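So the structure is just underneath, and the comments pick up after that.
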Amino acid sequence: MESQNKIFALVDINNCYVSCERVFNPSLNNQPVIVLSNNDGCAVARSQEAKNLGIKMGVPLFQLKDLVEQHNITVLSSNYALYAEMSRRFIKVLSEFVTPQEQEIYSIDECFLDLTAYASNYDLTAYAHLILDRLLRWLGLPACIGIGRTKTEAKMANHIAKKNSYLKGVCNLVSMDYCSIESLYQTIEVSEVWGVGKKHTEKLNSLSINTVLDFVCASPLMIRNQFSIVMHRTLLELQGISCIEIEQSPKAKKQIIASRSFGQKVYSRDDLKEAITLYVQDAVSRLRSENLLCGCILGFVQSNPFDSSEPFYNKSMSYTLPDPSDNSLLLTKIATTMIDQLYQQNIGFKKCGVILTCLEPKATHIYDLFTDMNKVKSSNQLMDSLDNIQNRFGKKKIGLGASMLPNRNWNMSRNQLTPNYFKWDQLMSVK
DNA sequence: TCTGGGGTCCTAGGACCC
DNA sequence: TCTGGGGTCCTAGGACCC
């Protein structure tokens, strides 16, 4: 087994939405700026100056009113078309530094790079500065780069780069001596670790794990027992054992969500139906643009979760389509029928939406199931193939394995697995 | 009186991320 | 009065089957 030492980098645009706005409006430079969410409800991006004023992520605008007036903060509605375009350019610039296999588009403003192959020919810190320089000169976007042995470590390094201006945007934990890392980790709260959220922070604190250093020194076995396998992986990653690989992007979506909060409470069934109809159109157009089919549709309605004077009403319904479809009329009909079921009088609805579970259309052709299987040479590869098939079919499980290879060993000739061997509905455990 | 057990599938809910 | 939207993954528990 190869267990090569890897080196990952995380490139992250600083204050992404605000930085994008500043490219086209330089008068915003050095000013406190916030960008709002869809309905202008709350702050989803803040400039450094705004962060310095104590404005937190996700705070509703009405709570910021005084601060905005007091400090003359510029408040902008979001312009997602602009951010998407800048993101596209950002990814393009990075693609000139690594091969496509070495680049993972993680989010609108973040890319992971696998720099393993460059370590022998380059000083990676200098290489990272080169990347930052080009992003700034070509796009006008400021960014930071963290470098580590694993993706989680690269994330941590990125955080350190952002918080310590003397690093000039690059933190390379791979080349840093352990004492320096230790003293840095001692000052960072465990909540900053990628994968450690609010709830886990509380629990970790109760176990006397408060800093990143505390966490890195914890026993993986104890963490596995107290938390889930995800947290276990996070710890191993911070200890330098790479568990999360670069993923070839873009990956096919597993679900598509379309939902909005209403500006005011909605009491009418027809209004809900009208809204859900729009969301289905939106979801289906995204479904088609990715060349996917919907296997299952879920509709949900909610009252206002912030209103403590009323119980929170939160209901959903799902329907598995007998045949995967991207027919918007059909899906709209199903969704509005669901609204009829979910609707209740005298409830002030604040939000509704649909979730489509996606399938890849070509997987509905039985022969495609076997293209992977025919290449299988080891049990690991078999598991991968099963995963692939399972992914294509959503969460339905497929009983291959024993039933597929009764009383035979793994060395059997693969071409005996002809498509005729199985019946369609034996493969899918769907009614 | 003692009342199986292993497996699958589905759903709801929780936690995290940006 | 006003509180985002779009995602992924994991787990517990119930129904059901043989």
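Reckoned from all heavy atoms, side chains included, excluding hydrogens, waters and symmetry mates. Within every chain, numbering begins at 1; the chains are lettered A, B, ... in the order of the sequence lines, protein sequences first and strands thereafter. In this text, all values refer to a predicted model and were calculated from it rather than measured experimentally.
With DNA chain C read from its 5' end, the first of the two nearest nucleotides for A:K350 and A:I257 is the one closest to A:K350.
A salt bridge does not link A:K151 with A:E245: every distance from a Lys NZ or Arg NE/NH1/NH2 to an Asp or Glu carboxylate oxygen is 4.0 Å or more.
Regarding A:N38, its CG atom lies at a distance of 18 Å from the P atom of C:dC2, rounded to whole Å. Rounded to whole angstrom, the span from the CZ atom of A:R286 across to the P atom of C:dG5 amounts to 12 Å. Rounded to an integer number of Å, the gap from CG of A:L356 to C1' of C:dG5 is 15 Å. One interatomic measurement links the two molecules: CG of A:N39 to C1' of C:dC2, which rounds to 11 Å at whole-angstrom precision. As a whole-Å value, the separation of A:I108 CD1 from C:dG5 P is 16 Å. If you take CG of A:N158 and P of B:dC18, they are 10 Å apart, rounded to a whole angstrom. A:F262 has its CZ atom 14 Å from the C1' atom of C:dG4, to the nearest Å. One atom, OH of A:Y83, and another, C1' of C:dG6, lie 16 Å apart when rounded to the nearest Å.
Heavy atoms of A:S78 sit nowhere under 4.0 angstrom from any nucleic acid atom. Within the nucleic acid shown, A:L36 has no heavy atom closer than 4.0 Å to any nucleic acid atom. Nucleic acid contact for A:D109: sugar-phosphate only, since backbone atoms but no base atoms lie under 4.0 Å from a heavy atom of the residue. Counting any heavy atom pair closer than 4.0 Å across all strands shown, A:E110 reaches sugar-phosphate atoms only and no base atom. Across all strands, A:V193 comes closer than 4.0 Å only to sugar-phosphate atoms, never to a base (heavy-atom distances).
Scanning for salt bridge (Lys or Arg N to Asp or Glu O under 4.0 Å) contacts around A:E290 gives A:K253, with sequence neighbours left out. Take A:K350 and apply the salt bridge (Lys or Arg N to Asp or Glu O under 4.0 Å) test, not counting sequence neighbours, and it matches no residue. Scored by the salt bridge (Lys or Arg N to Asp or Glu O under 4.0 Å) test, A:E21 finds no partners at all (sequence neighbours excluded). In this view, A:K351 satisfies the salt bridge (Lys or Arg N to Asp or Glu O under 4.0 Å) rule with no residue, not counting sequence neighbours. Every residue was checked against the side chain to side chain donor-acceptor pair (under 3.5 Å) condition with A:S261, not counting sequence neighbours, and none meets it.
Residue pairs that meet the salt bridge (Lys or Arg N to Asp or Glu O under 4.0 Å) test with at least one member in residues 37-53 of chain A, sequence neighbours left out, are A:R22-A:E49. Screening residues 55-66 of chain A for side chain to side chain donor-acceptor pair (under 3.5 Å) gives no qualifying pairs among residues at least two apart or on separate chains.
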For nucleotides 13-17 of chain C, print each protein N/O atom paired with a nucleotide N/O atom at under 3.5 Å, atom names and distance only.
none

What's touching nucleotides 9-12 of chain C from the protein side, N or O pairs under 3.5 Å?
unit_1: C:dC9; atom_1: OP2; unit_2: A:K254; atom_2: NZ; d: 2.8

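The nucleotide whose nearest atom lies closest to any side-chain atom of A:K155 is, among B:dC18, C:dG4, C:dG6, B:dC18. Distances from the side chain of A:F306 to the nucleotides B:dC18, C:dT3, C:dG7 place C:dT3 closest.
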Listed pairs under 3.5 Å, donor-acceptor, residues 153-165 of chain A side chains, sequence neighbours left out:
unit_1: A:E153; atom_1: OE1; unit_2: A:R149; atom_2: N; d: 2.7
unit_1: A:E153; atom_1: OE1; unit_2: A:R149; atom_2: NE; d: 3.1
unit_1: A:E153; atom_1: OE2; unit_2: A:R149; atom_2: NE; d: 3.3
unit_1: A:E153; atom_1: OE2; unit_2: A:R149; atom_2: NH2; d: 2.7
unit_1: A:K155; atom_1: NZ; unit_2: A:E110; atom_2: OE1; d: 2.6
unit_1: A:N158; atom_1: OD1; unit_2: A:K162; atom_2: NZ; d: 3.1
unit_1: A:N158; atom_1: ND2; unit_2: A:L10; atom_2: O; d: 2.8
unit_1: A:N158; atom_1: ND2; unit_2: A:C144; atom_2: O; d: 3.0
unit_1: A:N164; atom_1: ND2; unit_2: A:I160; atom_2: O; d: 2.8

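Put simply, the residue from A:I355, A:L356, A:T357 that forms a side-chain contact (heavy atoms from CB on, under 4.5 Å) with A:C296 is A:T357.
As rounded to the nearest Å, C:dC17 and B:dG4 have C1' atoms that lie 13 Å from one another.
Within the model, atoms OH of A:Y279 and CD of A:Q281 stand 12.5 Å from one another, a figure rounded to the nearest 0.5 Å. Interatomic distance, CZ of A:R224 versus CZ of A:R233, reported as 10.5 Å (0.5 Å rounding).
Helical stems involving DNA chain C, defined as 3 or more consecutive Watson-Crick or G-U pairs under 3.5 Å, span B:5-18 with C:5-18.
Aromatic rings of A:H200 and A:F227 (six-membered ring for Trp) have centroids within the 6.0 Å cut-off, being under it.
Residue A:S259 places none of its side-chain N or O atoms closer than 4.0 Å to OP1 or OP2 of C:dG4.
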Q. Taking it one step at a time, do A:D307 and A:S309 satisfy side chain to side chain donor-acceptor pair (under 3.5 Å)?
A. CA-CA 6 Å; A:D307 186 349; A:S309 66; 2.6 Å; yes
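Looking at every heavy atom in both residues, A:A128 comes nearest to A:I145 through O-CD1, 3.4 Å.
Of the residues in residues 50-75 of chain A, those placing a heavy atom less than 4.0 Å from an atom of DNA chain C are A:M57, A:P60, A:F62, in numerical order.
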